[in-house]
Amino acid sequence: MSTPVAQWLPGMTMTAGRLQYMLERLSESLTVTAFGAAGTGTVDDAPAIQAALDAAKVRGGWIIVPPGTYLLATLPLRIYRNTRLTLLPGARFVRGSAETVIINGDAGQNLGGYGGHGNITIEGGVWDCQGTAPALAAPAMCISIGHAQDITIRDVEIRDVSGYHAIELNSTKRANIERCRFLGYVDPGGRDFSEAVQIDLAKSSGVFGGFGPYDHTACEDVRISGCYFGASGKGGTTAWPRGVGSHSATITKYHRRIRVDNCSFEGIPQYAVSAYNWEDVTVTGSHFFECGSGVRLRSVIVADTEDTKKPDGTQTGASQDMRNFAITGNTFRRGGGYDDPIVALGEASGLVLNITITGNTIDGSTNSQNGIRLQRVSRATVGPNTIVNTAGTGISLGNSGNLVITGNEIWGVGGNGIAFTTCDHSTVTGGQIREPGASGILVTGNSDNIQLRNIYIKSPSRAKNGDAWGIRLQGGSSSISLSGIKVRPHGSGNEASHAFSAEGGTTPVTLIQRYGNDWRGSWTVAPVAEGTGVTSNTSAADVT
């Protein structure tokens, strides 16, 4: 006899064993119409659906919702452990009360950690939250989960939520959100930052109002896969302000092992993915189109005095390091001006550590936004990536160190190709920088121990004639090594002032080593310019 399966899939052989197993599972199911649900959209079906959920509470069960329109005017629905809620194709839930649609457990429960109602599956159907209806405009959730483990939410379409979130995962371990569609959002005022999928911790009743305890349990092992985030097209709604993210934190706590893969984000005004106080994170194979920003990695914000407290309420006044991120194989097109397509922002008291950004394509940004920006970051590898047509710098690096920038193709950016400001112990190797609006590479702000190797720079200073350089060292930077770099002018139109410039003066650039660079070209003044006060140690002549 073949191994039983919980679900028959196309291509499987329908054996006697599998058929028997499926019949047994169907015999355990509870159909909401058997409890009095009408599915006409004209009467309140919530009590009947709740009766089915209550019946499953005792022994667990599979709740089946047949095709139809189910008005839910007595909310929230409450789902309990070991329950599978399936809306069949053609089933539609219509929110009719200014409350959360469904939550896992009771208001008075006190099940801490991950010990609440779990092993729950919610799947299928359209969940219409009617956020534009005047009586339903107050902020509310659609699906709210807390203090749980083993949660699956798949193949649901959630529409037109007002104020809060389509799905909140709070204090949840092992959760999968798969093939869902998040369409339409209504801001009732002061909620222009809400996420379609929020990952949060049990910090307080103001953060999670469903039930306690407020023990600061964070989320772990969460995957969001194959989902779409965007607009519904209904009048009075917008796309979601943020796709997946968090906006609260507690010192000593982290959300860990978060995966976002193969998702599409379209028209998100702010951050499509905002990894706030997360660790061990991957964002892979996803598409970001006309989003205000794509992926943000952010340590705890020092200015937020609620987030800088420990679980016992002690105020630290500080951030905390967060680590281990891979942003790979994504595409970002026609980015908006809210923030950079990929941005990592740490604090002096909380760095962002151990980042890999590779295999991404970034095509376009507005409002001076860079392609990739790292601030207060350490131990990052960036590249190879393709970055084209950004309004600002291709790769902007500030107050960071231990960076390896390798093999990137940077074309037609409005600012510098690559810029270091107050960085140390970092290397750029390989790749091309073509037609940047400003300099090909800028090193400034007392940066030190920077290595530039085997890079091709073509047509710098395209925005303004004589206003930039192929490579520019300034601002008291020191211990800079340059080798195997080729810089060429465009041949017409705006051109750089020099292939290479090291600026001296009151804050001289010191300890420059140059070897085997090719600065040839018809430059405005000279192939190489080194200001007074510059100290160089050139072990072999550059080609000029």
Side-chain angles (χ1 to χ4, degrees), residues 245-247 249 254 270-279 281 283 291-304 307-308 318-327 332 335-358 360 362 365 367-383 385 387 390-405 408 410 413-428 438-439 441-450 474-477:
S246 307
H247 57 261
Y254 297 90
Q270 294 188 12
Y271 300 107
V273 177
S274 180
Y276 183 52
N277 198 40
W278 297 4
E279 291 196 327
V281 175
V283 181
C291 295
S293 177
V295 178
R296 177 178 75 157
L297 314 178
R298 187 66 167 97
S299 63
V300 173
I301 298 170
V302 169
D304 190 324
D307 290 356
T308 54
S319 183
Q320 61 184 1
D321 293 345
M322 65 182 207
R323 65 197 67 218
N324 303 346
F325 304 89
I327 304 171
F332 303 80
Y338 188 79
D339 210 334
D340 310 292
I342 300 176
V343 56
L345 298 175
E347 299 269 359
S349 54
L351 301 180
V352 184
L353 305 172
N354 309 343
I355 305 174
T356 298
I357 301 172
T358 186
N360 302 284
I362 298 172
S365 71
N367 196 30
S368 300
Q369 302 303 336
N370 310 294
I372 297 171
R373 178 164 61 103
L374 308 182
Q375 296 283 330
R376 297 199 182 278
V377 164
S378 183
R379 303 192 296 268
T381 298
V382 179
N385 301 285
I387 303 169
T390 59
T393 289
I395 301 174
S396 176
L397 310 160
N399 297 105
S400 299
N402 308 299
L403 312 174
V404 176
I405 316 301
N408 294 280
I410 301 173
V413 298
N416 302 296
I418 299 172
F420 291 93
T421 303
T422 318
C423 295
D424 60 22
H425 304 290
S426 298
T427 299
V428 180
S439 297
I441 297 177
L442 171 67
V443 180
T444 189
N446 296 301
S447 294
D448 63 46
N449 290 294
I450 306 295
Q474 66 166 185
S477 296

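In terms of modelled atom types and a separation under 3.5 Å, the side chain of Asn449 and the main chain of His425 share no donor-acceptor contact. Checked by atom type and distance alone, the side chain of Ser365 pairs as donor or acceptor with a backbone atom of Ala391 at under 3.5 Å. Between the side chain of Asn408 and the backbone N or O of Val382, at least one donor-acceptor pair lies under 3.5 Å. With Ser319 contributing its side chain and Val300 its backbone, the two residues share a donor-acceptor pair below 3.5 Å. Not one N or O on the side chain of Ser426 forms a donor-acceptor pair closer than 3.5 Å with the backbone of Ile450. Ser477 places a side-chain N or O within donor-acceptor distance of the main-chain N or O of Ser447, the cut-off being under 3.5 Å.
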Let me see the working for Tyr276 and Ile301 under side chain to side chain contact (heavy atoms under 4.5 Å, CB included), right down to the final yes or no. CA-CA 9 Å; Tyr276 183 52; Ile301 298 170; 3.8 Å; yes

Walk me through it: do Val377 and Leu353 pass the test side chain to side chain contact (heavy atoms under 4.5 Å, CB included)? CA-CA 6 Å; Val377 164; Leu353 305 172; over 6 Å; no

With side chain to side chain contact (heavy atoms under 4.5 Å, CB included) as the criterion, how do Thr356 and Phe325 come out once you've worked through the C-alpha distance, each side chain's angles and the decisive distance to 0.1 Å? CA-CA 6 Å; Thr356 298; Phe325 304 89; over 6 Å; no

Test side chain to side chain contact (heavy atoms under 4.5 Å, CB included) on Val352 and Leu374; report intermediate values, then the result. CA-CA 9 Å; Val352 184; Leu374 308 182; over 6 Å; no

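Taking OG1 from Thr393 and CG from Asn370, the interatomic distance works out to 5.0 Å, rounded to the nearest 0.5 Å. With rounding to the nearest 0.5 Å, the separation of CG in Leu397 from CD1 in Ile372 is 9.0 Å. Here the CG-OG distance, from Leu345 to Ser299, works out to 8.0 Å after rounding to the nearest 0.5 Å. The CD atom of Gln270 sits 11.5 Å away from the SG atom of Cys291 when rounded to the nearest 0.5 Å. Here OG of Ser378 is found 7.0 Å from CG of Leu403. Values are rounded to the nearest 0.5 Å. Here Ile387 contributes atom CD1 and Ile418 contributes atom CD1; the two are 8.0 Å apart, rounded to the nearest 0.5 Å.
Among residues two or more places apart in sequence or in another chain, the side-chain hydrogen bond (donor to acceptor under 3.5 Å, both in side chains) test is passed with Arg323 by none. Asn354 is linked by a side-chain hydrogen bond (donor to acceptor under 3.5 Å, both in side chains) to Asn324, Arg379, counting only residues two or more places apart in sequence or in another chain. Under the rule for a side-chain hydrogen bond (donor to acceptor under 3.5 Å, both in side chains), the partners of Asn360 that lie at least two apart in sequence or sit in another chain are Asn330, Asn385. In terms of the salt bridge (Lys or Arg N to Asp or Glu O under 4.0 Å) criterion, residue partners of Arg298 (sequence neighbours excluded) are, by chain and number, Glu347.
Residues in residues 337-346 take part in these salt bridge (Lys or Arg N to Asp or Glu O under 4.0 Å) pairs, two or more places apart or across chains: Asp339-Arg373, Asp340-Arg373. For residues 413-423, no pair satisfies side chain to side chain donor-acceptor pair (under 3.5 Å), with sequence neighbours left out.
For the pair Gln320 and Asn277, the tightest heavy-atom approach, listed with the atom from each and the gap, is NE2-OD1, 3.1 Å. Taking every heavy atom of both residues into account, Trp278 and Ser246 meet most closely at NE1-OG, 2.9 Å. Smallest separation of non-hydrogen atoms from Pro341 and Gly371: CD-O, 3.4 Å.
Considering only heavy atoms from C-beta on, Ile355 comes within 4.5 Å of Leu297 through its side chain.
For Tyr338 and Asn367, the side-chain atoms include no donor-acceptor pair closer than 3.5 Å.
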